[in-house]
Amino acid sequence: MTTMTDTSLREFKMPDVGEGLTEAEILKWYVQPGDTVTDGQIVCEVETAKAAVELPIPYDGVVRALHFPEGTTVDVGTSIIAVDVSGGAAPAPAEEAAPAKPAAEPRPAEPAPAKAKPEGRKPVLVGYGVAESSTKRRPRKGVPPVAAPVEDSLYGATALQSVQGELNGHGPHGATAPRPLAKPPVRKLAKDLGVDLTTVTPSGPDGIITREDVHAAVTPPKTPEPATAAPAAVAAPAAPAPVVSYDGARETRVPVKGVRKATAAAMVGSAFTAPHVTEFVTVDVTRTVKLVEELKQDKDMQGLRVNPLLLIAKALLVAIKRNPDINASWDEAAQEIVVKHYVNLGIAAATPRGLIVPNIKDAHAKTLPQLAESLGELVSTAKEGRTSPAAMQGGTVTITNVGVFGIDTGTPILNPGESAILAVGAIKPQPWVHKGKVKPRQVTTLALSFDHRLVDGELGSKVLADVAAILEQPKRLITWA
């Protein structure tokens with residue numbers, strides 16, 4: 001009588017949240033078995049090869065089972081959660097039905113969880129919105145104190161985190177210990193650096209662990225040199241100390257998956273299918289740097305992200321307008337060159353999940369303030385780990401700013417499906433011949449890589465020369481636009 005009919009059980013399968021993605025990693029569950037869920041409620045966050053996104057459940061009902069713990073990579077189309085949509089109260093799990101509690105138990109359990117409908121959460125689009133759970137969880141039963149792995153399975157912690165906790169010199173935590181509070185990008189950072197979050201002291205609001213807390217846990221503490229501070233410890237170091245990394249282990253292995261895996265595959269594919277050519281030019285950008293400072297004071301640019309990258313992006317857009325054939329792609333199947341009459345400008349961004357390239361849609365049609373606003377939104381969204389898969393699709397040409405790392409230049413690899421990528425080096429004072437005299441000027445080096453199947457040396461050179469000319473004399477943004 002207590003068995004649930006198959007028709008009342010709905011299996012929610014891992015969807016393809018991008019275009020043609022085959023798998024996703026479950027980063028965080030926001031519900032547990034026994035929770036009541038509503039149509040459109042976010043139940044988990046997953047990381048695809050492109051971004052981290054939140055998945056809403058399409059049913060009203062009661063969660064019966066989570067088929068995979070956090071940290072598991074699941075193929076698209078595989079069921080990840082079972083929901084009872086029969087409309088009744090949440091039945092007791094099977095393992096709780098066997099031990100003792102005769103006849104009187106089933107009735108009292110019905111009233112409490114049955115009407116506990118989550119109110120605080122509004123349905124959101126996949127990839128957007130808050131990441132808080134509004135469901136009420138049933139109190140978990142006590143777990144035998146010897147079974148630390150049981151806690152891991154309840155919280156979905158991976159085996160890697162358990163091993164890292166032991167390497168850090170900490171034993172298993174009690175089964176009722178609360179899960180450390182941290183956002184998904186911070187958890188990813190901790191996993192990459194081999195940090196056990198249960199050992200990190202949080203400094204964020206409401207006890208949330210921040211990126212700085214993780215980095216602080218990674219940095220080995222400085223031991224005082226004076227012999228008077230610890231006489232007992234001074235006598236021991238006779239043997240040479242081993243090479244130590246992070247948590248005391250001699251090496252750390254980081255799984256290649258998600259964004260990193262996709263980036264690696266894309267770069268290998270691009271490098272060995274598109275014949276790359278890279279050209280370089282060193283240019284005096286003193287006037288551009290001065291214009292940036294003037295724009296920061298302009299009332300029309302107040303509150304916007306104004307920096308040299310903004311004017312470099314605008315310069316590239318003007319150069320593409322003057323040389324439209326650079327904005328193209330190679331269709332291998334049709335053996336055709338596809339010239340795009342729009343520019344979706346990609347900006348390479350380093351994030352805790354790896355390198356991603358979101359793009360500004362129809363950047364060619366934006367005014368300078370609109371471009372500044374779009375750049376600001378793109379960068380802040382990427383840093384917060386909220387870039388959606390749609391934002392990384394359809395790019396036509398890309399800028400990668402290696403200058404922020406103090407690098408002069410590089411030979412960038414094309415983003416797959418694009419014909420050109422511009423690398424921008426560090427802007428710094430250098431001796432330069434200006435008006436017949438050697439003076440210190442603000443100088444940078446630009447590098448343009450392009451697909452030689454569809455971009456010949458003349459076209460690539462013209463585009464790079466135009467960008468350099470605009471940055472040297474930014475008034476050309478007006479005369480050439």
Side-chain angles (χ1 to χ4, degrees), residues 276-302 304-327 343 345 347-348 363-364 366-369 371-372 375 397-412 419-450 452 455-481:
H276 285 57
V277 172
T278 306
E279 294 185 341
F280 308 87
V281 63
T282 302
V283 57
D284 175 6
V285 295
T286 305
R287 291 185 179 91
T288 291
V289 173
K290 290 180 179 178
L291 179 56
V292 167
E293 296 305 314
E294 292 174 7
L295 288 173
K296 288 180 179 179
Q297 308 305 318
D298 192 291
K299 63 181 180 64
D300 293 328
M301 304 295 287
Q302 293 302 305
L304 298 176
R305 191 183 189 92
V306 180
N307 54 25
L309 180 61
L310 171 62
L311 295 186
I312 292 168
K314 192 65 176 178
L316 179 57
L317 292 170
V318 172
I320 292 173
K321 182 179 179 181
R322 288 165 54 85
N323 306 275
D325 288 346
I326 192 76
N327 189 47
V343 181
L345 181 62
I347 305 294
H364 67 287
K366 294 183 181 292
T367 63
L368 193 65
L371 187 62
L375 266 174
V397 67
T398 292
I399 295 176
T400 177
N401 185 10
V402 297
V404 296
F405 306 109
I407 303 302
D408 292 333
T409 191
T411 54
S419 62
I421 179 171
L422 178 69
V424 182
I427 298 175
K428 51 190 177 183
Q430 295 185 28
W432 196 263
V433 178
H434 178 67
K435 296 181 179 179
K437 296 181 180 180
V438 177
K439 296 181 178 181
R441 304 286 286 180
Q442 296 294 326
V443 177
T444 190
T445 299
L446 307 174
L448 183 72
S449 291
F450 49 87
H452 215 353
V455 180
D456 58 24
E458 179 186 11
L459 177 57
S461 299
K462 283 183 177 179
V463 172
L464 186 59
D466 280 357
V467 174
I470 293 171
L471 296 180
E472 187 173 18
Q473 295 282 355
K475 65 183 181 183
R476 293 188 172 110
L477 285 172
I478 301 173
T479 59
W480 287 2

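Numbers here simply count residues along the sequence, with the first being 1. This is a predicted model, so every value here is computed, not measured.
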Under 3.5 Å, which donor-acceptor pairs do the side chains of residues 473-481 form with other protein atoms, sequence neighbours left out?
| residue | atom | partner | partner atom | Å |
| --- | --- | --- | --- | --- |
| Arg476 | NH1 | Ala469 | O | 2.8 |

Original post:
So do Pro308 and Ile427 actually touch side chain to side chain, heavy atoms under 4.5 Å?
Top reply: yes

Show which side-chain atoms of residues 438-450 pair as donor or acceptor with protein atoms under 3.5 Å away, not counting sequence neighbours.
| residue | atom | partner | partner atom | Å |
| --- | --- | --- | --- | --- |
| Arg441 | NE | Asp284 | OD2 | 2.9 |
| Arg441 | NE | Thr286 | OG1 | 3.3 |
| Arg441 | NH2 | Asp284 | OD2 | 3.2 |
| Thr444 | OG1 | Gly425 | O | 2.9 |
| Thr444 | OG1 | Ala426 | O | 3.3 |
| Thr445 | OG1 | Thr282 | OG1 | 3.1 |
| Ser449 | OG | Thr278 | OG1 | 2.7 |
| Ser449 | OG | Pro412 | O | 2.8 |

Original post:
Considering residues at least two apart in sequence or located in another chain, which fulfil the side-chain contact (heavy atoms from CB on, under 4.5 Å) criterion with Ala348?
Top reply: Leu355, Val357, Thr400

Original post:
In Å and rounded to the nearest 0.5 Å, what is the CD1 to CG distance from Ile399 to Leu375?
Top reply: 8.0 Å

Original post:
Under the criterion side chain to side chain contact (heavy atoms under 4.5 Å, CB included), which of Val463, Ile326, Val277 is the partner of Val455?
Top reply: Ile326

Subject >> Sequence neighbours excluded - side-chain hydrogen bond (donor to acceptor under 3.5 Å, both in side chains) pairs with any residue from residues 311-327 >> reply: Arg322-Asp466, Asn323-Asp466, Asn327-Thr396

Subject >> Rounded distance (nearest 0.5 Å) linking atom CD of Glu472 with atom CZ of Arg287 >> reply: 7.0 Å

Subject >> salt bridge (charged side-chain N to carboxylate O under 4.0 Å, His left out) against Lys290, all qualifying residues, sequence neighbours excluded >> reply: none

Original post:
Can you name the nearest heavy-atom pair linking Leu317 to Ala363, along with the distance?
Top reply: CD1-O, 3.5 Å

Original post:
Sequence neighbours excluded, which residues qualify as side-chain contact (heavy atoms from CB on, under 4.5 Å) partners of Asp408?
Top reply: Lys428

Original post:
How many angstroms lie between atom NZ of Lys296 and atom CG of Leu291, to the nearest 0.5 angstrom?
Top reply: 11.5 Å

Subject >> Nearest heavy-atom neighbours spanning Gly460 and Glu279 >> reply: C-OE1, 3.7 Å

Subject >> Closest contact, heavy atoms only, Ala313 versus Leu345 >> reply: CB-CD2, 3.7 Å

**OP:** Would you please name every residue forming a side chain to side chain donor-acceptor pair (under 3.5 Å) with Glu458, sequence neighbours left out?
**Re:** Lys462

Original post:
Considering all heavy atoms of both residues, which atom of Val467 and which atom of Ala319 are nearest to each other, and what is their separation?
Top reply: CG2-CB, 3.7 Å

Original post:
Got Val306 and Asp298 here, is their nearest side-chain heavy-atom distance under 4.5 Å?
Top reply: no

Original post:
Below 4.5 Å, heavy atoms only, C-beta onward: do Leu311 and Leu368 meet side chain to side chain?
Top reply: yes

**OP:** Using the side chain to side chain contact (heavy atoms under 4.5 Å, CB included) rule, pick out the option among Ile312, Leu316, Val424 that qualifies with Leu471.
**Re:** Ile312

**OP:** Provide the closest heavy-atom pair for His452 versus Gly457 in the form atom of the first, atom of the second, distance.
**Re:** CE1-N, 3.7 Å

